[in-house]
Structure formats: C-alpha cells, structure tokens
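Read the structure below first, then the notes.
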Amino acid sequence: MTEPEILSAPLVLEFPFSRTTGPVIGAFLTGLREKTVVGMRGADGRVICPAVEYDPETGAPLTELVELSDTGTVTSWTWVSQPRQGQPFARPFAFALVQIDGADTAMAHAVDVADATEMSTGMRVRARWAVEREGLITDIECFEPELAR
Amino acid sequence: MARNERVAVVGVGQTKYAATRGDVSLPGLLREAVFRALDDAGMAMGDIDAVVLGKAPDFFEGLMMPEPYLADALGAVGKPLLRVHTAGSVGGSTAIVAAGLVEARVHRRVLTVGWQMQSCSEAMWALSLPMPFQQQLVAGAGGYFAPFIRAYMQRSEAPDDIGILVALKDRRNALKNPYAHLHEPDISYDSIKESLMLWDPIRYAETCPSSDGAIAMVLTDEAGGDAAARPPAWVHGMAFRSEPVMAVGRDEVSPLAGRQCAADVYAQAGITDPREQLDVVEMYVPFSWYEPMWLENLGFAEVGDGWKLTEKGVTALDGDLPVNPSGGVLSSNPIGASGMIRFGEAALQVRGQAGEHQVDGARLALGHAYGGGAQFFAMWVVGADKP
Amino acid sequence: MRDVAIVSFAQTVHSRRRQDVNEVELIQPVIQEAKERVGLDRHDIGFTCSGSSDYLAGQAFSFVMTLDAVGPWPPISESHVEMDGAWALYEAWVKIQTGAADTALVYGYGKSSPGDLPRVLSRQLDPYYFGPLWLDSVSVAALQARAMIDSGKLTQRQMAETAARSRAAAKANPFAQVKGDFDVEAILAEDCLADPLRRHDCPPVSDGGAAVVLAADDTARRLVERPAWIRGIDHRVDSHNLGARDLTRAPSAALAAHEAGVSGGKVDVAELHAPFTHQEAILRAEIPLDGAEVNPSGGALAANPMMAAGLIRLGEVARRIIDGSADRGVAHATAGHCLQQNLVAVLEGDG
Amino acid sequence: MSEIAELPEGLWYQPDVDTSQIPAIAGVEAVRSIRVPARVEYLYTPGRAPTRFLRALAEKRIMGERCPVTGKVYVPPRGVSPVVGLPTEEQVELGHRGTVTTFCVVDIAFTGQVTETPFVSALVLIDGADITLHGLIQGIPPADVRPGMRVEAVWVPDDELSTSFENIRWWRPSGEPDVDPDTIREYL
C-alpha cells in the first residue's frame with residue numbers, strides 16, 4: 001500500500017483557567033498586590049517564601065505569616081537567550097532562584113539584566129513591582145540588581 | 001501460595017462538593033479530604049506508608065501530571081506516590097490499586113485520594129477538546145451516551161419516565177447527605193419533567209452536575225482493621241475490566257466488560273445471587289437512565305427488567321436494594337473522585353457510618369464505577385465481616 | 001513475595017518526529033514484538049498496564065485510543081498510570097504479587113514532537129507560583145545544574161564528558177536517536193543553551209515507546225532461559241518546593257535504592273534515567289553503584305521518549321541479564337522536574 | 001419541603017491564617033481566586049490510517065479498513081483492529097448511504113458548534129461497514145427520526161472538498177424503506 005502524504009494541522013488548547021487560592025496563597029498574592037512579600041514559618045522554624053499552606057517536608061498545616069522585604073540573594077540562575085511565549089520578557093533575561101531576605105528558602109522568578117555576564121550566584125536583587133497588580137506572581141515584574149536603583 | 005492480606009477500609013474523608021470550592025486552594029481541596037480520612041482512621045500523615053492518587057484528564061485543571069506538585073500537600077515526601085488514570089472509572093481503579101498494595105503485603109497503611117477541581121475550567125471544554133479534521137457533533141458526555149440510553153429504552157420498552165424517577169430518588173437522597181453538591185429540597189417529579197431536554201432523552205435535571213471535590217480513604221492490613229477505632233469495612237472482592245471504545249460486536253448498552261467485572265468481583269466475594277446477598281449499591285449513574293441499565297449489567301435484574309426495580313421502588317432508600325443512598329453521581333460529580341466516592345460510600349454503609357442516609361443493617365455493599373465510552377469498569381464489594 | 005521477572009522487552013527506534021503514525025500506530029508493533037519474543041498472544045496476558053500523558057501530544061484520553069493496540073477483546077484486566085511506564089511496571093508487579101495474574105504486559109509511549117516540550121512541561125509545576133512564569137523544563141534543569149557547579153560537586157567539563165560518553169555508547173544501540181563521537185573540547189567551546197547547560201547536556205526530544213512482558217515463577221522460567229528477576233523495586237518522591245530543596249541531592253533516589261536492596265551485591269550494569277548530564281552525577285552519588293557500567297545504552301541523553309524512557313531503563317538492564325551479559329543490574333526511572341520522583345529496581349539472573 | 005442534612009461536628013477544616021500582624025494585607029480585600037490563561041500549541045498529525053481515510057474523503061470516497069482476523073470493516077480506521085490488536089491494512093470502499101441505529105436530539109449550545117439547535121446526532125451504519133459513525137441528520141423533523149431509517153450522505157460542493165469529516169455536511173433520508181431494527185440490533 002502506498003502511503004499518501006501525511007496530514008497535519010495546528011491544534012490549540014487554550015483556556016482562561018480559574019484557580020482558587022485558599023487563605024495562604026491568597027495572603028501571599030494579596031501581599032504582592034500591596035507590594036509586600038510574605039513568608040510562612042515552617043514546622044521546623046525556618047521561613048518559607050513564597051508562603052506555603054503546608055510544610056514542604058511533613059505536610060503539616062502552617063499558619064504563621066511573616067512579613068519580609070523585597071530584596072534578596074540569587075541562589076541559582078540560568079540565562080534565557082530565546083524566551084518562550086508567556087515568559088516574563090520577550091528579550092533575553094535570567095530565571096533565578098531568589099532567597100528573600102529573612103527567608104530560608106528561595107522563590108523562582110526572572111532577573112532583568114542585559115546579559116549573562118551580569119548574573120552571578122550570591123548577587124543581591126530587589127523586586128521590581130509591576131505597575132498594574134492584581135494578585136499574581138507576576139505582580140513582581142522581575143528582580144533587578146539591588147544597586148540598579 | 002500464602003493467602004493474600006485482608007484489606008480494611010479504616011478511614012473515609014470527603015470534602016463538601018460544590019460547583020466552586022472558593023474557600024480552598026487546589027491542594028487545600030485534597031487536604032480537606034485527607035485529614036478527614038486520617039481523623040476517621042485515628043492516624044496522622046506520618047503513619048501512612050504510600051499514597052495513591054487518581055483523577056481524570058489533566059486538561060480539566062490545566063496541570064500536567066500534578067502529582068509531584070501535590071507530594072508536599074499529601075505528606076507523601078519520602079514515600080511512594082502513584083497516579084492512576086482510567087477515565088471516569090478512575091476513582092474506583094485508584095482504590096483498587098491502593099488496596100492491591102496492602103493485599104500484596106507491599107505496604108500496611110495506604111492513603112488513596114480521588115479528586116477533580118472542575119471549576120478550574122469547563123467540562124464541555126475539557127471533555128470535548130476540539131480536534132482537527134473532525135466535525136464537532138457529540139456535545140459532551142451527554143451527547144455521547146444519549147443514543148445508547150435511547151437504544152436501551154427501545155429494547156426494554158421501559159416507560160418514558162423511569163429516568164425521572166431515578167433523578168427524583170437520587171436528588172432526594174442527596175438531601176440526607178451533607179457532602180452532596182446538589183441540595184434541591186423543592187425538586188419534584190414535575191420539576192424534573194419540565195427541565196430542559198438537553199440531549200433527548202436526557203433532561204437537564206437527569207444529568208450530573210460539574211463539581212469540585214475530593215475523597216480520601218485509609219486502607220490497612222488485617223491487623224490495622226482489627227485495631228481500628230471505628231468499625232472497618234473489609235474488602236471482599238475487587239476487579240477492573242476494559243474493552244475497546246469502538247469494536248464490532250460491542251454492546252454499549254450492556255457492555256461485556258461490566259458483566260465480566262461484576263462476575264469476577266462476585267466470585268471473589270462468594271456472591272451467587274447479588275439481588276439477595278447485597279444490601280446496598282453505590283453505582284456510577286451520571287445520567288438517570290444508567291440506573292436501570294446497570295441493574296441489568298450487574299446482574300440485579302434480567303435483561304430488559306432493570307427499570308421495573310426502579311419503578312417499584314426497590315432501589316429507593318427504604319427499598320430492599322437501595323441504590324445510591326448518597327445521592328450518587330447525579331448529585332455530586334467531581335469526575336476523578338466520583339468512582340472513589342461510590343467505593344467510599346459503600347464502605348461507610350457497611351461500617352454503619354453513613355449518617356442520615358444509612359441503610360439499616362447494611363452488611364455487604366457494592367461500589368461501582370465506569371468510564372470512557374462505558375468501556376472501563378472498576379468494582380469492589382465491601383462487608384462488615386471479614387471475608 | 002513471588003518471583004517476578006522481566007522476560008521480554010521491545011522498543012521503537014526513537015526519533016525526533018514520528019509524524020507518520022498516531023500513538024496507537026506507534027506502539028502497536030512494539031507491543032506485538034514484546035509478546036512474540038516469548039511466544040505469547042493477547043489471550044496469555046493476565047494483566048495490562050500502561051503509562052502515558054495526555055499533555056504531550058494534546059490528546060485527552062490518549063490512552064483510550066491506544067488501548068486498541070493490545071486488542072482488549074474479550075475484555076481484559078487493565079489499568080493505566082499518568083506516569084512513566086516504569087510506574088506501570090510497578091503496578092503490574094504488585095498485581096502479580098497479589099496472585100491475580102501470572103503474566104503482565106506493560107507499555108509506555110510518548111509523542112513529544114507535536115508541542116514545544118520544554119514549554120509543555122512547565123504545566124507540571126506549581127500553578128500558582130511557577131505556572132504564570134512559564135518556567136520551562138530546560139531552565140529548571142539549568143537551575144539545578146548551576147547548584148551542582150556552585151557546590152563544587154561537578155564541573156562543566158565533567159558534564160561534557162558524560163554527554164560524550166553517553167553518545168559514544170549509544171553507537172551500539174540501534175534504537176538510539178543521538179549517537180556518535182563527540183569531542184569534549186568541542187562541546188565546551190559551544191555556547192550555552194541555558195547557562196550552564198549546553199545543548200549536549202540536554203536530552204533529545206523524542207517520539208517513541210516501549211513494551212515489557214512480566215512473568216512470575218515457573219511461567220517466567222518456561223518463557224525464557226534466563227529471566228531477569230526483579231529482586232527489589234521501590235519508588236519515592238521528594239518535595240516539589242524547588243526553592244526549599246537542596247537541588248544537588250535526590251534523597252528519594254537514595255531511599256528507593258536502599259529499599260530496593262541495591263547494596264546487597266555487586267552491580268554489573270546500571271541504567272540511570274538522567275535526562276540532563278548533571279543529573280547522572282546526582283544519581284551516582286545517591287545510588288551505590290560501585291564500579292558498575294553506567295548507561296551502556298546511552299541513556300536518556302541518547303533517546304528520551306517521555307513516559308517510556310524510564311521503562312526503557314528497566315528493559316535495557318533486563319535485556320543484558322536475559323542475554324547473559326550481566327548477572328545483576330540496577331534500573332532507575334525518574335519523574336517530575338529536577339529528579340523529584342525516583343524508582344529503582346534491582347534485576348538479577350539465575351546463577 | 002425537606003430538611004438538608006448538616007455536616008458532622010468536629011470535621012477537619014484548614015486552619016485560619018492570622019494576617020493582622022502584616023499591615024499591608026490586614027485591612028484589604030484578600031485575593032481569593034486568580035485567572036491564569038494558558039495556551040499550548042501543537043501540530044496534530046492523525047497518523048497513517050486516518051490520513052488514508054481523510055485523503056479518500058477529499059475525493060468523495062468513504063474508505064473503511066478490514067480487520068485482518070475477523071474480516072469486519074472499521075470506519076473511520078485508526079490503524080489497528082481493536083478486537084485483535086493487529087494493523088488494519090486492506091482498504092474497503094463503502095457506500096454513501098447508511099442506516100440510523102440510534103440517535104439523540106441535541107439542544108445544548110457548545111463550543112465549535114456547526115449547526116443550530118436542536119439537531120439530531122445519530123449513529124449511522126454506513127453500507128459496507130461493520131461499525132457505526134456519528135453523523136448529523138437533517139432534512140427531517142427530529143421527532144420523525146427513528147432507528148432503521150435509511151439515510152444518504154450530503155456532501156459539501158465539490159470545490160469545497162477537503163481532508164475533513166466536514167465534507168459530509170450531514171445525512172438526510174434516502175427515501176428507501178426502513179430496515180427492520182432487529183437486523184441492526186448488534187450495531188449501536
């Protein structure tokens with residue numbers, strides 16, 4: 001049997017997903033909307049940021065919110081030379097793990113610098129707040145070198 | 001070979017089912033069921049050896065294989081974590097996989113969770129994703145199943161209103177189940193009859209809702225069942241069966257896989273006359289007419305006679321074979337949980353823990369789930385006594 | 001515990017794109033081959049379990065259509081995990097332990113080519129704190145690789161050496177997708193894809209699948225001269241909280257290896273499911289392999305069909321035991337990002 | 001009126017979180033829900049057997065494929081006979097008429113809808129095939145559709161033919177006498 005040329009067609013799966021937050025994620029995202037970073041004290045006393053509703057190791061419910069600053073330290077990073085659709089910037093940027101001052105864990109976000117040579121583990125960064133904020137992780141537009149301001 | 005380990009259900013926890021559970025996060029929804037099941041079992045997260053999760057398609061929540069994400073929330077860190085997906089039957093299949101871990105003596109205490117958070121998207125989208133080269137004709141699950149219901153009506157010559165009777169019974173039963181999604185105190189025969197005919201012969205009020213919800217169960221070995229604070233339910237038999245979705249000779253009205261699955265489970269449980277021996281049934285009825293259809297498929301009635309049991313009130317809460325005292329899928333339908341809710345409600349009945357919808361003296365119960373194009377089946381029989 | 005063995009293994013020739021076939025057409029020949037190798041037909045299989053993911057190709061209920069490939073008529077006892085086929089094998093192993101079946105067919109498959117895989121895999125991360133950032137799988141892996149380098153546990157040169165060794169080994173693997181002789185210096189001279197990862201540190205995007213037949217006790221002995229007995233199998237998961245984890249570790253891999261009994265004897269061969277070069281180093285530190293030959297197939301760096309690559313590790317070790325070239329081997333499968341979830345099995349031949 | 005049962009006492013609920021110590025969020029309306037649009041793009045390829053079927057359909061031919069063991073003809077073919085797990089390779093040209101085995105009347109609007117509601121969605125056993133296929137029925141009031149009714153394909157104009165199921169716009173009564181429903185009982 002001779003095989004006809006294989007067919008293909010675009011398939012787009014798109015939906016505006018709704019996600020209820022519950023009280024803890026809601027508190028963290030409310031904080032971002034109000035330009036405040038909030039962490040959570042874990043079962044072992046360490047401060048987890050972003051705030052989580054359960055301990056990452058034991059699953060125990062957590063309730064003690066802690067206000068933190070909007071500055072922190074890069075604990076790991078990578079360079080995105082060809083950003084993908086939906087990522088924080090259409091121009092090259094860094095993804096990084098940022099340990100907010102006062103927290104014992106790190107959060108993932110973008111760092112806006114011109115090129116990879118400006119990135120280093122241990123560098124100090126500060127949140128750049130989005131102008132329009134609605135209670136999303138992207139209310140932090142990105143982090144930027146602390147000295148940039 | 002040594003006898004397999006006996007499996008006991010020592011804890012059942014359910015969330016309140018609702019169209020949108022606006023008060024909890026997605027992991028919080030599962031945790032509500034998990035902590036309630038652990039409380040029921042008198043256990044803590046640390047007592048659990050392994051976790052088995054089940055739910056239907058990932059597109060519902062827009063999350064790809066979210067189990068690693070949920071590990072922390074379920075206290076599963078450092079433990080085995082499995083994710084089962086067998087379409088609508090998944091809640092039942094998941095419980096069976098979890099029970100298998102105990103039965104095979106791989107683990108002693110297993111937590112199993114079925115869940116779906118349908119408010120993240122819409123069932124009509126997630127269940128009928130647009131496909132290139134196709135014509136969109138089916139319009140959701142109702143459009144898929146309605147022709148088979150029509151074929152059943154024709155074959156059995158059942159009166160047109162049997163579906164209405166099922167919906168009325170299940171929705172009224174749901175009033176006695178505080179966890180149920182739909183609580184409609186004013187529902188009546190006429191209100192169902194007058195509801196919109198969506199997929200003729202299926203009316204709106206004969207259709208399952210779209211729910212957020214989770215159910216969790218704690219399963220243990222025999223020693224765990226013996227030591228349980230509250231009476232356990234003992235697993236007497238369990239099985240799943242699958243057949244192709246489209247095959248020449250397949251009977252979509254009474255699928256062979258369903259008949260064979262039931263026969264297997266009954267044989268394991270020593271049931272020769274299900275109508276006499278089983279005290280209560282929780283069966284997967286997402287559209288009202290599936291009650292009489294499954295009554296035949298599961299051997300409770302001769303072919304063509306299932307509707308007579310419904311019509312005579314045999315399947316009512318005070319009948320001699322109550323079906324879906326919880327209100328069933330017609331009253332609560334977080335798809336990935338719905339099968340496990342049937343299994344869990346069967347366990348609650350034989351434990352005497354079903355609350356206001358308790359069937360007096362229930363000792364042996366069937367939990368039933370189906371999925372796909374009525375091609376995947378999962379069932380278990382649980383009893384108050386050890387097998 | 002019953003003695004359960006892998007008695008047969010088959011896989012596709014993995015490639016970047018198999019646009020000519022749909023998923024059922026992709027996996028059917030492999031399922032047929034796995035059964036025929038041991039002279040079984042569909043009626044001889046006691047239990048069937050598969051692993052796949054709807055998100056890869058954008059096909060809801062993908063496994064429903066693919067089930068046609070086993071010809072499930074009359075109806076069969078069957079289940080499916082939305083996980084790599086290695087976990088389907090685990091479920092089948094448990095089912096055989098209950099005595100409900102003496103044989104099982106296990107398969108896993110994935111077509112990653114229809115989408116942008118690193119972007120698709122971003123849908124597996126925390127939907128509140130990661131999802132809106134579309135943090136792709138290569139970037140996530142790069143954060144882990146950087147942690148390895150910063151900790152002093154690994155250098156980029158060692159990563160390049162892993163890539164070169166894997167692709168050279170794959171020359172002997174007719175099913176591999178990326179193979180050949182690569183020069184470490186040349187690799188190191190290349191630009192980074194996701195600093196510190198170069199293209200060579202990353203797995204290929206693959207379409208493919210694999211199937212395995214399990215059998216117990218005398219059935220296994222009857223089907224093959226030298227069954228690959230599963231002497232231990234276990235799987236564990238770590239926290240999803242990447243920022244709270246030590247990314248240079250995979251405690252769940254160490255725990256699974258311990259529970260599976262890896263240290264109970266000499267390991268001749270190990271197949272580690274390490275999609276990125278730095279992940280092999282993490283796994284080598286967590287799983288006691290002594291002087292074992294690691295990834296003679298080339299591993300996931302040579303072919304990485306999602307949902308099958310873990311099952312293939314089990315199959316590759318089993319194949320070497322069945323053919324007598326190894327006596328005891330370790331197979332590993334991973335799931336999630338940054339080696340979050342890990343399965344380890346110990347396989348042995350008789351005498 | 002009936003009472004609604006109440007949830008038992010002592011059930012576990014997620015503990016409340018005290019925000020009072022964090023002035024920025026203490027007095028403001030809390031975020032309770034977020035909306036996160038997600039779009040994932042794929043290149044869909046239907047595979048060999050469906051491609052054969054769709055290519056023929058573009059030439060106004062309906063091609064089924066035969067199970068190598070049972071001889072039964074599947075349409076649309078997906079590449080494998082589901083009752084034996086072996087490839088279907090022999091193509092069989094089918095007629096342009098068929099028989100309605102069962103149906104439903106759809107009166108619900110949905111995404112991608114191609115016609116006005118209510119409409120009849122039927123299972124049609126195409127002449128020469130052994131399995132039914134979903135099809136839209138037009139040219140007859142929904143109340144008059146019945147199992148056993150003979151129908152014929154209504155194609156789009158020739159200049160609109162493409163490799164799509166949409167080539168068959170719908171099925172309409174062919175005018176032939178009904179088939180005895182008992183003879184099609186095993187084909188749903």
Side-chain angles (χ1 to χ4, degrees), chain C residues 17-32 34-36 41-43 45 48 54-59 62 64-76 105 107 111-123 126-134 207 211, chain D residues 14 17 25 30-55 63-91 110-112 130-131 133-134 163 165 186-188:
Chain C
R17 269 183 197 85
R18 282 299 306 278
Q19 291 184 332
D20 57 322
V21 287
N22 57 35
E23 289 167 323
V24 67
E25 290 170 331
L26 176 78
I27 197 65
Q28 186 275 335
V30 173
I31 289 171
Q32 193 176 340
K35 287 185 292 193
E36 286 177 352
D41 76 15
R42 61 196 169 90
H43 304 292
I45 300 294
T48 300
D54 284 357
Y55 248 96
L56 287 176
Q59 306 282 293
S62 139
V64 176
M65 299 296 182
T66 316
L67 185 60
D68 286 359
V70 307
W73 190 258
I76 61 171
L105 169 71
Y107 59 97
K111 281 183 71 174
S112 298
S113 65
D116 174 15
L117 182 63
R119 188 166 184 275
V120 169
L121 290 172
S122 76
R123 301 301 88 196
D126 176 331
Y128 299 97
Y129 295 157
F130 287 81
L133 300 172
W134 292 87
D207 288 353
Chain D
Q14 182 170 359
V17 175
I25 62 173
V31 171
R32 291 170 54 82
S33 177
I34 59 175
R35 188 154 288 257
V36 189
R39 175 186 173 92
V40 189
E41 293 165 349
Y42 300 92
L43 185 69
Y44 173 76
T45 51
R48 283 178 187 149
T51 293
R52 291 193 289 264
F53 173 80
L54 291 165
R55 292 277 184 208
M63 302 297 288
E65 297 200 1
R66 195 182 297 282
C67 169
V69 175
T70 64
K72 300 293 185 184
V73 175
Y74 283 83
V75 66
R78 295 207 304 259
V80 172
S81 167
V83 296
V84 296
L86 295 171
T88 54
E89 283 168 353
E90 182 194 341
Q91 291 188 277
F110 59 95
T111 321
D130 290 299
I131 195 142
L133 174 101
H134 280 278
T163 51
F165 272 85
E186 63 183 282
Y187 299 104
L188 273 186

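Reminder, nothing fancy here: chain letters follow the sequence lines and each chain counts from 1. Everything numeric in this text was worked out from a predicted model, so none of it was measured.
Q19(C) approaches L43(D) most closely through the heavy-atom pair NE2-CD2, 3.3 Å. When every heavy atom of Q28(C) is checked against every heavy atom of L86(D), the shortest pair comes out as NE2-CA, 3.7 Å. Contact record, D68(C) with V80(D): O-CG1, 3.4 Å, taken as the closest heavy-atom pair. R39(D) and W134(C) get closest at one heavy-atom pair: O-CH2, 3.8 Å. Shortest non-hydrogen contact noted between Q32(C) and P87(D) is OE1-CD, 4.3 Å. Across all non-hydrogen atoms, the minimal contact from P46(D) to N22(C) is O-ND2, 3.1 Å.
Counting heavy atoms from C-beta on, the side chains of R17(C) and T45(D) never come closer than 4.5 Å.
When each of P132(C), P29(C), G58(C), P72(C) is checked for heavy-atom pairs under 4.5 Å with chain D, G58(C) comes out on top. Heavy-atom pairs under 4.5 Å with chain D peak, among R18(C), R123(C), R119(C), H43(C), at R119(C).
In this structure, no portion of E23(C) lies under 4.5 Å from any heavy atom of chain D. Contacts of L56(C) with chain D are made by backbone atoms alone, with heavy-atom separations under 4.5 Å and no side-chain atom involved. Interface remark: V70(C) contributes backbone atoms only to the contact with chain D (heavy atom separation under 4.5 Å). For V84(D), the parts lying near chain C are the backbone and the side chain together; criterion is any non-hydrogen pair under 4.5 Å.
The main-chain N or O of R48(D) is found under 3.5 Å from a side-chain atom of E25(C) such that the two form a donor-acceptor pair. Within the 3.5 Å criterion, the main-chain N or O of Q59(C) finds no donor-acceptor partner in the side chain of Y44(D).
Note that the OG atom of S113(C) and the OH atom of Y42(D) stand 11.5 Å from one another [nearest 0.5 Å].
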